[in-house]
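Here's the structure, in structure tokens; my notes come after.
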Amino acid sequence: MIELLQSEFGIPQAVSVGYGVNQMPKLVMLHQSGSSAEVYLHGAHITSWKDRRGDEMLFLSRESDFVPGCAIRGGIPVVFPQFGDGPLPKHGFARNMDWRLAGTRVGEDDAVSVDLRLADFEETRAIWNHSFGLGLTVTLAADTLAVGMYVANTGDAPFQFQAVLHTYFRTADIHGTKVLGLDGVKYLDALRGGVRETETRPAIGFAGETDRIYLNAPDTVGIRDEACGRSINIRKRGMPDVVVWNPWIEKSIRLPDFGDDEYLRMVCVETGVIASPVSLAPGEMWEAETILRSGS
Ligand code: TA6
């Protein structure tokens, strides 16, 4: 299969299709500036994004499982059609399924894009009995990684969904990491039964487990990693909510696919639609995008 995908979708010096961990199909994207990214067909899961200097911007747990039916721990899990706990498996099923590679291209300014698709099939309908089309477009440029997402209702009945790009950012030290741009925003504190609060800090620091859903957040937020002098800008469109999560010590120990000390080197700043799920009538489509930009 890999050879066929490489022959159909490979682009010299831009996209190659090969084997990743545990022989799972993996795309490697290269931009002429030196930036790169890696995407597994499993979960359409971005596991690496390096900027033009070769700095890895995403966190990937050393304990992550790369096995069918399990989510990869780190990178950018695609959460659909449910965020968090509920009637479906936690964070939905899209991150656990094998997606199809639908296209690759090099566009203007030599940006490199790959298109991945997931449509309903027997296994998804057994979990969530709706017909849908789900797409993810990953676009790599010199200093940005753009992730576009669409959901189409291909059935004859309306459905509602939540969708989140659950991005794990790599940090040099969580103690010197700040999330910027959320002051004044209302949030639900998942550690206190979802109680609604208002953020008062222009720069959110970390000194314990943090798990908050910021509602209708500004379309631009940021991360400042003071220990290594790095900044990441996060710009979103069509995704009203932002989740900020760090498991800290106790939860890190409880997570089987996460190193006990790895909370020190990651922060999740996630973008998506959570508080007000999207309703799609038959034939309707929703689309949104998050653009990550590295800076120093
Ligand atoms: O997005 C934050 C969160 O909902 C946390 O509550 C934590 O559970 C995290 O997601 C990871 O969830 P997972 O199912 O991937 O272990």
Side-chain angles (χ1 to χ4, degrees), residues 40 42-47 58-97 127-128 136 147 149 161-171 174 177 179 182 185-197 199 204 206 208-217 221 223 232 234 236 239-277 288 290 292:
Y40 280 78
H42 179 70
H45 203 123
I46 301 166
T47 53
L58 301 180
F59 166 85
L60 187 65
S61 173
R62 63 176 182 264
E63 308 286 343
S64 182
D65 300 315
F66 284 77
V67 295
C70 286
I72 297 168
R73 176 69 67 185
I76 307 182
V78 177
V79 172
F80 172 87
Q82 172 187 293
F83 176 83
D85 294 311
L88 307 184
K90 183 179 175 193
H91 288 338
F93 50 73
R95 63 178 182 168
N96 302 331
M97 300 282 179
I127 300 170
W128 191 60
L136 199 81
V147 187
M149 197 172 176
F161 69 89
Q162 297 166 309
V164 172
L165 296 174
H166 194 299
T167 308
Y168 287 70
F169 292 95
R170 181 169 166 264
T171 66
I174 191 63
T177 298
V179 175
L182 290 169
V185 180
K186 292 201 176 352
Y187 66 88
L188 306 178
D189 188 340
L191 302 180
R192 296 167 53 216
V195 66
R196 184 185 288 249
E197 299 282 6
E199 183 56 66
I204 299 168
F206 298 86
E209 184 178 359
T210 305
D211 193 350
R212 299 176 173 184
I213 303 171
Y214 289 85
L215 307 172
N216 294 310
V221 295
I223 301 172
I232 294 179
I234 301 165
K236 60 184 177 70
M239 296 178 149
D241 305 321
V242 168
V243 180
V244 176
W245 177 59
N246 183 285
W248 218 251
I249 301 171
E250 286 73 26
K251 184 145 190 182
S252 297
I253 293 169
R254 293 200 305 269
L255 290 170
D257 58 348
F258 191 86
D260 293 358
D261 63 347
E262 289 190 310
Y263 72 95
L264 292 166
R265 288 181 295 281
M266 56 70 69
V267 64
C268 278
V269 180
E270 309 157 37
T271 50
V273 55
I274 300 170
S276 303
T290 291
L292 310 178

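Just follow the structure's listing: the first ligand is 1, and inside any ligand the first atom is 1. Start at 1 with the first residue, then count along the sequence.
Remark: minimum distance from atom 14 (O) of ligand 1 to any protein heavy atom is reached at Arg95 NH2, 3.0 Å. Looking only at heavy atoms of the protein, atom 16 (O) of ligand 1 is closest to Arg73 NH2, 2.9 Å. Scanning all protein heavy atoms for the shortest distance to atom 5 (C) of ligand 1 gives Asp211 OD2, 3.2 Å. For atom 3 (C) of ligand 1, the nearest protein heavy atom (residue, atom name, distance) is His91 NE2, 3.8 Å.
With a 4.0 Å cut-off on non-hydrogen atoms, Glu209 does not touch ligand 1 at all.
Between Tyr40 and Phe66, the ring centre distance stays below 6.0 Å.
Of all the atoms in ligand 1, the ones that sit under 4.0 Å from a non-hydrogen atom of Phe83 are 1 (O), 4 (O).
Of the possible donor and acceptor atoms, one in the side chain of Asn246 sits under 3.5 Å from a partner among the backbone N and O of Met266.
Classification of the Trp248-Tyr263 ring pair by plane angle, with boundaries at 30° and 60°, yields tilted. Ring geometry for Phe161 versus Phe80: interplanar angle of 30 to 60°, hence tilted.
Between the CG atom in Leu292 and the CD1 atom in Ile76 there is a gap of 5.5 Å [rounded to 0.5 Å].
By the 4.5 Å heavy-atom criterion applied to side chains, Arg212 and Leu182 are not counted as neighbours.
Evaluated by nearest non-hydrogen atom to atom 8 (O) of ligand 1, the leading choice among Lys90, Arg212, Glu270 is Lys90.
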